[in-house]
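Let me begin by presenting the structure, written as structure tokens, before commenting on it.
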Amino acid sequence: MCGIAGLVSKSPVNQELFDALTMLQHRGQDAAGIITADGDRLHLRKDNGLVRDVFAADEHMSALRGNMGIGHVRYPTAGCTTSAEAQPFYTNMPFGVSLAHNGNLTNTDDLKQALFEQDRRHLNTESDSEVLLNVFAHELAQLGKLRLTPDDIFETVARVHQRIRGAYACVAMITGYGVVGFRDPNGIRPVVVGKRDGINGPDYLIASESVALSALGFDIIGDIEPGEAVLLTIDGKLHRRQCAANPHYSPCIFEYVYMARPDSMMNNISVHKARLRMGVKLAEKIQRDWPDHQIDVVIPIPDTSRVPASELAQVLGVPYREGYIKNRYIGRTFIMPGQAQRKKSVRQKLNPVDVEFRGKNVLLVDDSIVRGTTSQEIIQMARDCGAKNVYFASAAPPVRFPNVYGIDMPSVHELVAHGRTEEELRVLLGADKLVFQDLADLIDAVKHKNANIEQFDCSVFTGEYVTLDVDAKYLNQLELFRNDAAKEARNRSASTPLDLHAA
């Protein structure tokens, strides 16, 4: 999971790209980068760290000159966590193309081989985003055009769709021409486009979530549809076209459970309202299956579960209390690289309020249970504070399978629910009772009345992958490459190459 932004304006874009990435910081805390175009000159700054740290110095921002640019916040799924794999990526042939990508490709190895043997293109990292950039650049070069038209861009995106598989929401900047945003034919990862009228003409912004647009005063035009491309040219025009032969609206449901900010609209669905409905559905399950629950208080695990927990408490008629105080200077533990770092950060991030637990039957509510690290720790915290009984409810079903589309759930052996029954999970986590959301209820809560959604990617719960190209062999290879131990080994051995384009 990453965050992307692309801006074409009549004014300098450096500060507003910085602001957009700050609004998307929850989507990636590992690295950040911005590249801008000032005429035919490109200016790039990227490094490991938060947005505020990567662009901390005045000279970092002042060097990013130009009225067009793209940006990225990264958390590592493929490749490793060195600064060499921070985005955007750049290639000079043709025209000078840069790209930022949210998602994960499922045919990366085949593409790498084809890029080397057939396209004669060199790759400098292990990132699938660099693969995607080179596929896009190669197909653009194959047109043989000196001067581009919107038709040329849309033909290029159509060719990209034919070659690559997996999840991808992208922004690509073509020097001297414009910014193009495009989305995979299943629409797995979110991306939205907006417009803002200015004195000198319209500005256009593409971003992963609508919150980045609204914070900068852009009116939301709408989501980029599955398979669609949107072109923003430097003369202030917007062009859009469906570029996939057979698109299917199949967005990732986990975006609504955990990834996205509650104040975002994605795929014409309010994340906040979806989470409210998750709380209602979970409360109805408790009323149905556990009518004599004797719950004294409902306590959320901040931050994502606050919305469903408050609605659950209201439906049950049970007091809602804030029992854990969050240290906001600790990042999201789910997206931290390395199990040791995640485990260490749990107690640093959350501190219990003793009086809310002592002598009470407490229902803790979280958005999901993935590795189980956080859940075990916070249940034990509640017991240490004197809770009589500690119950635990998840707004999502058990996460039993890897995510191959850009969320860091790569290894089944790192997923606490894989191969275990709910009773075995309850014992392992140390809860007196464990309640999971039913998948049908989760789908109903998110989809609600949106007729455009054909299905959701629910692969982390079901093991069924919407791209239909993920088999046991692929998952085994993925586990070997992307488990925590493998990532740590690559990070230890990785060296950072010279970045010739850094600002």
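If you're wondering where the values come from, they're calculated on a predicted model, not measured in any experiment. Note that the numbering runs from 1 along the sequence shown for the chain.
Side chain of Asn327 to main chain of Lys349: no donor-acceptor pair is present (N/O by atom type, distance under 3.5 Å, no hydrogens or angles). When atom types are taken as modelled, the side chain of Glu377 and the backbone of Ile379 share no donor-acceptor pair closer than 3.5 angstrom. With hydrogens and angles ignored, the 3.5 Å screen pairs no side-chain donor or acceptor of Arg400 with any backbone N or O of His418. Not one N or O on the side chain of Ser264 forms a donor-acceptor pair closer than 3.5 Å with the backbone of Ala260. Not one N or O on the side chain of Asn186 forms a donor-acceptor pair closer than 3.5 Å with the backbone of Ser250. No donor-acceptor pair closer than 3.5 Å links the side chain of Glu311 to the backbone N or O of Met278. Remark: the backbone N or O of Ile325 is not paired with any side-chain donor or acceptor of Asn351 at under 3.5 angstrom. Remark: side-chain polar atoms of Ser208 are paired, donor with acceptor, to backbone N or O of Ile4 under 3.5 angstrom. Judged by distance alone, with hydrogens and angles left aside, the side-chain atoms of Gln29 form no donor-acceptor pair with the main-chain N or O of Gly49 at under 3.5 Å. With hydrogens and angles disregarded, a donor-acceptor distance shorter than 3.5 Å links the side chain of Lys447 to the backbone of Ile453.
Residues passing the side chain to side chain contact (heavy atoms under 4.5 Å, CB included) test with Asp296 are Lys360, Asn361, sequence neighbours excluded. With sequence neighbours excluded, no residue satisfies salt bridge (Lys or Arg N to Asp or Glu O under 4.0 Å) with Asp219. Every residue two or more places apart in sequence or in another chain was checked for a ring-ring contact (aromatic ring centres under 6.0 Å, His included) with Phe218, and none qualifies.
For the pair Arg183 and Glu228, the salt-bridge criterion is not met [side-chain N within less than 4.0 Å of a carboxylate O]. A salt bridge between Arg189 and Asp184 is absent, with no side-chain N of the basic residue lying under 4.0 Å from a carboxylate O of the acidic one. A salt bridge links Asp263 and Arg261; the closest N-O separation between the charged side-chain nitrogens and carboxylate oxygens is under 4.0 Å. Taking the charged nitrogens against the carboxylate oxygens, Arg383 and Asp432 do have a contact shorter than 4.0 Å, which makes a salt bridge. Checked for salt-bridge contact, Arg196 and Glu16 meet the test: a charged N lies under 4.0 Å from a carboxylate O.
The closest side-chain donor-acceptor pair between Ser459 and Glu464, if any, does not fall under 3.5 angstrom. Looking at His248 and Asn246, their side chains do bring a donor and an acceptor atom within 3.5 Å of each other. In this structure, a donor-acceptor pair under 3.5 Å is present between the side chains of Thr467 and Tyr405.
The minimum heavy-atom distance linking Gly71 with Pro88 is given by the pair CA-CG, 4.5 Å. Residues Pro402 and Leu415 share a closest heavy-atom pair of N-CD1, 3.8 Å. Taking both residues in full, the closest heavy atoms of Gln87 and Ser127 are given as NE2-OG, 4.5 Å, listed atom of the first, atom of the second, then distance. Closest of all the heavy-atom pairs between Cys2 and Arg27 is O-NE, 2.7 Å. Considering all non-hydrogen atoms of both residues, Val390 and Leu364 come closest at CG1-CD1, 3.8 Å. In terms of heavy-atom proximity, Val404 sits nearest to Leu475 at CG1-CD2, 3.8 Å.
Going from atom CG of Leu232 over to atom CD1 of Ile206 covers 4.0 Å, rounded to the nearest 0.5 Å. For the atom pair CG of Asn403 and SG of Cys252, the computed distance is 5.5 Å after rounding to the nearest 0.5 Å. Rounded to the nearest 0.5 angstrom, Leu216 CG and Leu7 CG are separated by 8.0 Å. For the atom pair Leu478 CG and Tyr474 OH, the distance stands at 5.0 Å (nearest 0.5 Å). In this structure, CG in Leu21 is found 12.0 Å from CG in Leu50, a value given to the nearest 0.5 Å. Put simply, CZ on Arg52 and CD on Gln25 are 7.5 Å apart, with the number rounded to the nearest 0.5 Å.
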Determine, stepwise, if the pair Glu225 / Arg240 fulfils salt bridge (Lys or Arg N to Asp or Glu O under 4.0 Å). CA-CA 10 Å; Glu225 299 296 311; Arg240 59 192 308 173; 5.2 Å; no
Evaluate the salt bridge (Lys or Arg N to Asp or Glu O under 4.0 Å) criterion for residues Arg306 and Asp366: first the C-alpha distance (whole Å), next the side-chain angles of each, then the deciding distance (0.1 Å), finally the verdict. CA-CA 8 Å; Arg306 282 193 170 112; Asp366 208 349; over 6 Å; no
For Val446 and Arg277, run side-chain contact (heavy atoms from CB on, under 4.5 Å): C-alpha distance rounded to whole Å, both residues' side-chain angles, the deciding distance at 0.1 Å, then the answer. CA-CA 8 Å; Val446 178; Arg277 293 190 290 267; 6.0 Å; no
Show your reasoning for whether side-chain hydrogen bond (donor to acceptor under 3.5 Å, both in side chains) applies to Asp367 and Ser305. CA-CA 5 Å; Asp367 51 78; Ser305 64; 5.4 Å; no
Walk me through whether Lys281 and Asp444 qualify under salt bridge (Lys or Arg N to Asp or Glu O under 4.0 Å). CA-CA 9 Å; Lys281 295 288 186 181; Asp444 188 53; 2.7 Å; yes
Would Phe254 and Phe456 count as a ring pair (Phe, Tyr, Trp, His ring centres under 6.0 Å) if you check the C-alpha gap in whole Å, the side-chain angles of each, and the deciding distance to 0.1 Å? CA-CA 9 Å; Phe254 207 75; Phe456 288 97; over 10 Å; no
Could you walk me through whether Glu422 and Lys433 pass salt bridge (Lys or Arg N to Asp or Glu O under 4.0 Å), step by step? CA-CA 10 Å; Glu422 292 187 15; Lys433 190 171 184 63; over 6 Å; no
Test Asp408 against Tyr75 for side-chain hydrogen bond (donor to acceptor under 3.5 Å, both in side chains), laying out the working first. CA-CA 9 Å; Asp408 196 16; Tyr75 104 115; 5.3 Å; no
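Dense packing is recorded around NZ of Lys112, with more than 12 heavy atoms of other residues, nucleotides or ligands lying under 6.0 Å away. Residue Gln314 places its CD atom among 12 or fewer non-hydrogen atoms of other residues, nucleotides or ligands, all under 6.0 Å distant.
Ring geometry for His293 versus Trp290: interplanar angle over 60°, hence perpendicular rather than tilted (30 to 60°).
His161 pairs in a ring pair (Phe, Tyr, Trp, His ring centres under 6.0 Å) with only one of the listed residues (Phe154, Tyr168, Phe136), which is Tyr168.
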